[in-house]
Amino acid sequence: MPTTVLLALRRRTALRRLLSLAGYLGGVAAIVYGVLLFNAGAALSDDTLASGYWLTGAIIAMFGTHEVRQAIRTARKPDPIES
C-alpha cells in the first residue's frame with residue numbers, strides 16, 4: 001500500500017479498527033460458510049471445490065488484514081535526507 005494511505009490509516013484509529021474488524025470477521029464468515037458447504041455437499045462434487053475456494057479466500061483475507069495492520073504499525077514519514 002502507498003505510504004500516504006498507511007499514514008492516513010495510522011492517524012484514524014476508528015477507520016483502522018473498522019477495516020480490521022471487517023477483514024477478520026469476513027475471514028471467519030468465509031471459514032464458517034466453507035465448512036458448512038463442505039459438509040453439505042457430496043464427496044468430489046462442485047460443493048467440495050467451492051468450499052475449498054471459500055476457505056482459501058478466508059485465509060487470504062485474514063492474512064492480508066494482518067499484513068496491512070503490521071504495515072500500518074511500521075509506517076512512518078519518509079526522511080527528506082534519504083529521498
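Keep in mind that this is a model prediction, so the values were computed, not measured.
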- Drop me the distance from R73's CZ to R16's CZ, to the nearest 0.5 angstrom. 8.0 Å

- Specify the closest pair of heavy atoms between A58 and A30, including all atoms of both residues, with the distance to one decimal. CB-CB, 3.5 Å

- Which residues share a ring pair (Phe, Tyr, Trp, His ring centres under 6.0 Å) with Y53, sequence neighbours left out: none

- Task: Return each pair, listed once, that meets ring-ring contact (aromatic ring centres under 6.0 Å, His included) where at least one residue sits in residues 5-39; pairs must be two or more places apart or across chains.
- Result: Y33-W54

- Message: side-chain contact (heavy atoms from CB on, under 4.5 Å) for L6 and T74? Distances and angles first, verdict last.
- Response: CA-CA 9 Å; L6 293 174; T74 59; over 6 Å; no

- Message: Minimum heavy-atom separation for I72 and R10, please, with both atom names.
- Response: O-NH1, 3.1 Å

- Quick one: pull up CG in L36 and CD1 in I31 and give me the separation to the nearest 0.5 Å. 12.0 Å

- Message: Contact between L37 and T48 at the side-chain level, heavy atoms closer than 4.5 Å - yes or no?
- Response: no

- Message: Count I, L, V, M, F, W, Y as connected when their side-chain heavy atoms are under 4.5 Å apart, and connections chain through other members. Are L25 and F63 then in the same cluster?
- Response: no

- S20 backbone acceptor or donor facing R69 side chain under 3.5 Å: no

- Item | D46 CG: over 12 foreign heavy atoms closer than 6.0 Å | no

- Query: Are L21 and V28 grouped together when hydrophobic residues (ILVMFWY) are joined by side-chain heavy atoms under 4.5 angstrom apart?
  - Reply: no

- Are I60 and L55 connected in the hydrophobic side-chain network, where two residues link if heavy atoms are under 4.5 Å apart? no

- Item | Residue pair L15 / L9, side-chain heavy-atom distance below 4.5 Å | yes

